[in-house]
Protein chains: 2
Amino acid sequence: MTQRKKTGFQDVRNEVLRRIEDRHWPQGALLPTELELAAEFGCARATVNRALRELADRGIIDRKRKSGTRVAMTPVKQAKLDIAVVRQQIEEINATYRYALVMRQQITAPAWLASQVGLQADAQVLHLHCMHYADNRPFQFEERWINIAAVPEVGEADFKAVGPNEWLLSEMPFSNAEITFLAIAANDQMSEFLTCPPGAPLFQMERTTWFQQQPVTFVRMTFHPGYRMSTQY
Amino acid sequence: MTQRKKTGFQDVRNEVLRRIEDRHWPQGALLPTELELAAEFGCARATVNRALRELADRGIIDRKRKSGTRVAMTPVKQAKLDIAVVRQQIEEINATYRYALVMRQQITAPAWLASQVGLQADAQVLHLHCMHYADNRPFQFEERWINIAAVPEVGEADFKAVGPNEWLLSEMPFSNAEITFLAIAANDQMSEFLTCPPGAPLFQMERTTWFQQQPVTFVRMTFHPGYRMSTQY
DNA sequence: CAGTGGTCTAGACCACGGT
DNA sequence: CCGTGGTCTAGACCACTGG
């Protein structure tokens with residue numbers, strides 16, 4: 001008896017994955033049916049189903065009723081990006097985090113913002129400038145607009161001690177969002193706050209957040225020169 | 001009878017999600033056990049389990065044996081990024097794709113590359129420069145190194161008609177990779193190929209790919225000025 | 001129409017981790 | 001110890017879709 005444990009869905013998943021990597025099942029190949037695999041591995045069809053469903057979620061295989069399961073033609077098409085709060089990012093590299101509020105004012109939403117997130121022309125928004133430091137060196141410049149109608153309590157928050165990102169996270173338990181990444185040239189303001197020459201290339205991330213169809217906030221985060229965002233898959 | 005269908009795992013998932021959004025279950029709150037939820041929804045525990053497992057995968061809730069299930073303190077921390085092949089990206093915007101090989105030569109891996117991907121100092125690599133155009137306007141400049149030991153067949157490929165990315169995809173059914181995003185200033189070569197002033201800020205993506213622990217390729221993709229990479233979550 | 005995946009069930013045992 | 005989630009099973013019915 002060399003086998004102590006039963007065949008689990010992870011065993012099935014890994015073995016199927018191995019056969020795909022080995023090209024035992026090349027791209028586009030038709031896999032055995034769930035029933036056949038269950039028989040081969042000596043487990044229930046539900047176990048095979050879960051294994052294959054995970055691979056399908058990861059884009060490794062394509063499944064269609066009646067047609068069966070095939071190895072995907074373009075393997076690995078998704079990467080997961082961890083969207084960390086700035087403070088976490090900084091603490092993870094063992095640096096000391098410091099936050100500073102630069103500006104806070106209530107304004108009528110500018111036209112570009114209203115159109116960007118879908119606001120009425122006369123909507124009131126809170127406009128903020130913040131800085132985040134790692135070991136007292138500039139890490140990220142944050143420019144944010146908050147839809148006051150969506151978050152009335154924001155009027156009470158002065159954001160002097162805690163940044164708007166963390167404040168909103170504790171007020172808005174869940175929401176959907178759109179993120180954009182791009183490269184920009186430092187303008188005079190960025191140059192000053194991030195201590196880099198004007199025109200220096202900077203990595204920027206924009207995010208619009210909605211809560212139940214209603215726009216909540218739009219934020220533009222500009223990172224220090226040389227910042228790199230990494231992930232694996 | 002207003003109810004035609006049974007309660008499915010999606011119904012459970014959506015209802016739980018709704019209660020979290022409503023803050024009926026605020027951040028950190030302890031949810032009922034699977035058994036209790038199954039009783040409430042009138043379904044099997046396995047159904048509740050699958051619903052909650054999906055939410056846990058998405059980072060919405062945290063589950064621990066014995067302790068139970070809690071609403072996560074930092075909701076939504078992952079975004080899925082679709083990593084498309086350049087040609088697909090271009091065709092998706094209804095533009096005509098054109099590819100051109102700029103340079104192809106076999107060299108000994110430079111020290112920085114060997115250390116970057118983990119190669120022996122004297123490893124032979126194929127070094128390529130390619131351009132990708134959308135409607136004949138520069139879209140992406142691709143600089144790539146391929147580990148010949150990992151992909152011996154690469155010696156046969158001239159890459160004049162089909163780009164190395166698509167060629168490798170058809171040769172390497174699956175692999176794991178590391179991606180990095182950053183902003184750079186256009187050097188003279190970029191400036192020339194992407195038709196932008198030297199020093200212009202450009203969005204760049206680097207990717208290292210392994211196949212069964214062996215480094216396969218390292219690629220640096222530089223996009224045209226103004227390029228934005230977007231995703232939702 | 002019939003084959004294949006999609007999902008549900010009721011019950012069971014296991015593994016982790018507070019108490 | 002023992003409650004809670006993690007997983008498996010054997011069987012069932014449904015839904016989509018290719019022939």
Does the pair B:E21/B:R18 count as a salt bridge with the N-to-O cut at 4.0 Å?
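No, no charged N to carboxylate O under 4.0 Å.
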
So how far is it from B:D135 CG to B:Y97 OH, rounded to the nearest 0.5 Å?
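These two atoms lie 13.5 Å from each other.
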
Nearest 0.5 Å, what's the CE-OH distance between B:M205 and B:Y227?
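Those atoms lie 7.5 Å apart.
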
Report which part of the nucleic acid B:R45 touches: base, sugar-phosphate, or nothing (heavy-atom distance under 4.0 Å, all strands).
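The residue B:R45 makes base contact.
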
Of the listed nucleotides [options], the one nearest the side chain of [X]:
| X | options | result |
| --- | --- | --- |
| B:R65 | D:dC8, D:dG5, C:dG18 | D:dG5 |
| A:A46 | D:dG5, D:dG18, D:dT9 | D:dT9 |
| A:A44 | C:dG18, D:dA10, C:dG3 | D:dA10 |

Round to the nearest Å and state the distance from [X] atom [atom1] to [N] atom [atom2].
| X | N | atom1 | atom2 | result |
| --- | --- | --- | --- | --- |
| A:R53 | D:dC8 | CZ | P | 12 Å |
| A:E34 | D:dA15 | CD | P | 17 Å |
| B:R70 | D:dG3 | CZ | P | 18 Å |
| B:K64 | C:dG18 | NZ | C1' | 10 Å |
| B:D57 | D:dG5 | CG | P | 16 Å |
| A:L35 | C:dG5 | CG | C1' | 11 Å |
| A:E36 | C:dG3 | CD | C1' | 11 Å |
| A:D62 | D:dT17 | CG | C1' | 16 Å |

Taking only side-chain N and O atoms of [X], does any of them lie within less than 4.0 angstrom of OP1 or OP2 on [N]?
| X | N | result |
| --- | --- | --- |
| B:T69 | D:dG5 | yes |
| B:N49 | D:dG6 | yes |
| B:R63 | D:dG6 | yes |
| B:T47 | C:dT9 | yes |
| A:T7 | D:dC8 | no |

Using heavy-atom distances to pick each residue's nearest nucleotide on DNA chain D, tell me which of A:K66 and A:G42 is more 5'.
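Final value for this comparison: A:G42.
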
A:V151 and A:W167, any side-chain heavy atoms less than 4.5 Å apart
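Touching, per the 4.5 Å side-chain cut-off.
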
List the residues meeting side-chain hydrogen bond (donor to acceptor under 3.5 Å, both in side chains) with B:T69, not counting sequence neighbours, and say none if there are none.
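Scan of B:T69 (side-chain hydrogen bond (donor to acceptor under 3.5 Å, both in side chains), adjacent residues dropped) gives B:R63.
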
